[in-house]
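Take a look at the following structure, please.
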Amino acid sequence: MKVLMVCLGNICRSPLAEGILQHKANALGLSWEVDSAGTAGYHIGEAPHRLSQKVAMLNGIDISKQKGRQFTKEDFERFDKIYVMDNSNYADVKRIAKHAFNETKIDLLLNEVYPNENRDVPDPWYGTEEGYHKVFEMLDKAADEIIRKYADVQISK
Ligand code: 4NP
């Protein structure tokens, strides 16, 4: 299973989503490949935001080695599933991917927790540390649902 997490900057939300899902998959012995990317190129080559790193570390996950990259249309070939954090990411991915866009591979991440509601993972970029903790909780729930759906394992709620 190859999963790509996408947000705007690849600096706050999607690096956390990548770290959480990779951590859970590894802990279960699943050989899943998880990556992340941003629809914008503002932070290419940068490590995740210090508050994303801090909140991940407080939860036992090291995301400090990640490097920001931009989403490309080839990602639709490379990955089995692409999750976007919000509705504007979805529109941006569609615009960038053009003919490579494949509706069957992409979804809003929170649709795994709240099916068909098209909820956004809020962007914590302009807020305080509290926002990063809230985002972590949302991403953690979604990662559990992805594992339940695509790995044949039982995990407690
Ligand atoms: P992210 O948050 O999409 O969760 O990584 C943002 C990071 C940077 C910017 C916007 C959102 N920015 O405008 O630089």
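Counting starts at 1 for both ligands and their atoms, in listed order. Computed from a predicted model, the values in this text were never measured in an experiment. The residues of the chain are indexed from 1 along the displayed sequence.
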Lys2, Lys67, Arg69 screened by salt bridge (charged side-chain N to carboxylate O under 4.0 Å, His left out) with Asp35, the one that passes: Arg69
Distances for all N or O pairs of ligand 1 and the protein under 3.5 Å?
| residue | atom | partner | partner atom | Å |
| --- | --- | --- | --- | --- |
| ligand 1 | 2 (O) | Asp123 | OD1 | 3.0 |
| ligand 1 | 2 (O) | Asp123 | OD2 | 3.4 |
| ligand 1 | 3 (O) | Leu8 | N | 2.9 |
| ligand 1 | 3 (O) | Gly9 | N | 2.9 |
| ligand 1 | 3 (O) | Arg13 | NH2 | 3.0 |
| ligand 1 | 4 (O) | Arg13 | N | 2.9 |
| ligand 1 | 4 (O) | Arg13 | NE | 2.8 |
| ligand 1 | 5 (O) | Gly9 | N | 3.4 |
| ligand 1 | 5 (O) | Asn10 | N | 3.4 |
| ligand 1 | 5 (O) | Ile11 | N | 3.0 |
| ligand 1 | 5 (O) | Cys12 | N | 2.9 |
| ligand 1 | 14 (O) | His43 | NE2 | 2.9 |

Test log, rule side chain to side chain donor-acceptor pair (under 3.5 Å), inputs His133 and Glu129: CA-CA 7 Å; His133 287 281; Glu129 182 173 333; 2.9 Å; yes
Asn89 side-chain N/O to Met85 backbone N/O, donor-acceptor pair under 3.5 Å: yes
Heavy-atom neighbours of Lys134 NZ exceed 12 at 6.0 Å: no
Glu117 CD: over 12 foreign heavy atoms closer than 6.0 Å: yes
Flag side-chain contact, heavy atom, 4.5 Å: Glu46 against Ile11: yes
